[in-house]
Amino acid sequence: MAAKKQFNGSADELEAAFYDAISRADLEAFMELWAEDEEIVCIHPGAPRLIGHAAIRASWEAIFERGSLQIHAIQLHAMHNMFTAVHSVIEEIPPKQGVEQELHIVATNVYIKTPQGWRIATHHASISSGKAPLDLFRASVLH
């Protein structure tokens with residue numbers, strides 16, 4: 001495996017790069033964001049668990065063959081420590097023209113701090129019925 005680029009940004013910046021690579025259907029940039037560990041995990045909505053670079057790469061290659069996806073991570077709830085970040089997000093996908101969407105995607109992204117910087121260890125996305133809920137946690141926080 002070729003050496004990966006150093007990514008010294010935060011876990012938040014890595015997450016932005018993750019969704020940006022998806023929006024451009026850039027498989028090479030997308031795979032550079034993953035940890036080098038072969039125990040990395042990706043679970044697409046309604047699909048089996050994929051473990052390792054080869055399985056994850058093949059799945060996203062098939063997805064990107066149909067073009068890019070415009071996915072926006074909203075309602076971020078994050079837990080961070082020095083070496084791990086866990087982000088729970090709602091993935092917002094623009095509906096097709098004239099089609100009202102009655103589902104949303106809930107995703108968990110786990111990032112680890114490596115010698116090469118922050119990397120993705122796990123991406124788990126699940127379909128949830130109905131419109132995305134209001135972010136009641138943020139609404140209840142006093143500033």
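The basis for the numbers below is simple: all heavy atoms, side chains too, and nothing from hydrogens, waters or symmetry mates.
- By the criterion of side-chain heavy atoms lying less than 4.5 angstrom apart, applied directly or through intervening Ile, Leu, Val, Met, Phe, Trp or Tyr residues, I71 is grouped together with F64 in one hydrophobic cluster.
- A heavy-atom distance below 4.5 Å is found between the side chains of S128 and H104.
- Using a 4.5 Å heavy-atom threshold, the side chains of F30 and E61 count as separate.
- In this structure, E13 contributes its side chain and S10 its backbone to a donor-acceptor pair below 3.5 Å.
- Separation of atoms CD (Q75) and CD (E91) is listed at 12.5 Å; rounding is to 0.5 Å.
- Of all heavy-atom pairs spanning A85 and A11, the tightest one is CB-CB, 3.6 Å.
- Counting only heavy atoms from C-beta outward, the side chains of V86 and T108 approach each other to under 4.5 Å.
- Side-chain atoms of V89 and E15, non-hydrogen and from C-beta on, do get closer than 4.5 Å to each other.
- Residues H123 and H87 have side chains that never bring a donor and an acceptor to within less than 3.5 angstrom of each other.
- With contacts defined as side-chain heavy-atom distances shorter than 4.5 Å, the pair H124/V41 does not qualify.
- In the displayed structure, R24 atom CZ is contacted under 6.0 Å by more than 12 heavy atoms of other residues, nucleotides or ligands.
- Using a 4.5 Å heavy-atom cutoff, the side chains of E36 and R119 are not in contact.
- The side-chain heavy atoms of N109 and T122, taken from C-beta on, include no pair separated by under 4.5 Å.
- Residues W118 and L33 form no side-chain contact, since every pair of their non-hydrogen atoms from C-beta on lies 4.5 Å or further apart.
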Please walk me through it: do I112 and D37 pass side chain to side chain contact (heavy atoms under 4.5 Å, CB included)?
CA-CA 11 Å; I112 57 173; D37 194 327; 5.6 Å; no
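- Residues L50 and A55 approach most closely at CD1-O, 4.0 Å, considering heavy atoms.
- In plain terms, the two heavy atoms of I56 and C42 that are nearest each other are CG1-CB, 3.6 Å.
- Between the side chain of S68 and the main chain of S23, a donor-acceptor pair closer than 3.5 Å is present.
- Between E38 and I51, the shortest heavy-atom contact is O-CG2, 3.7 Å.
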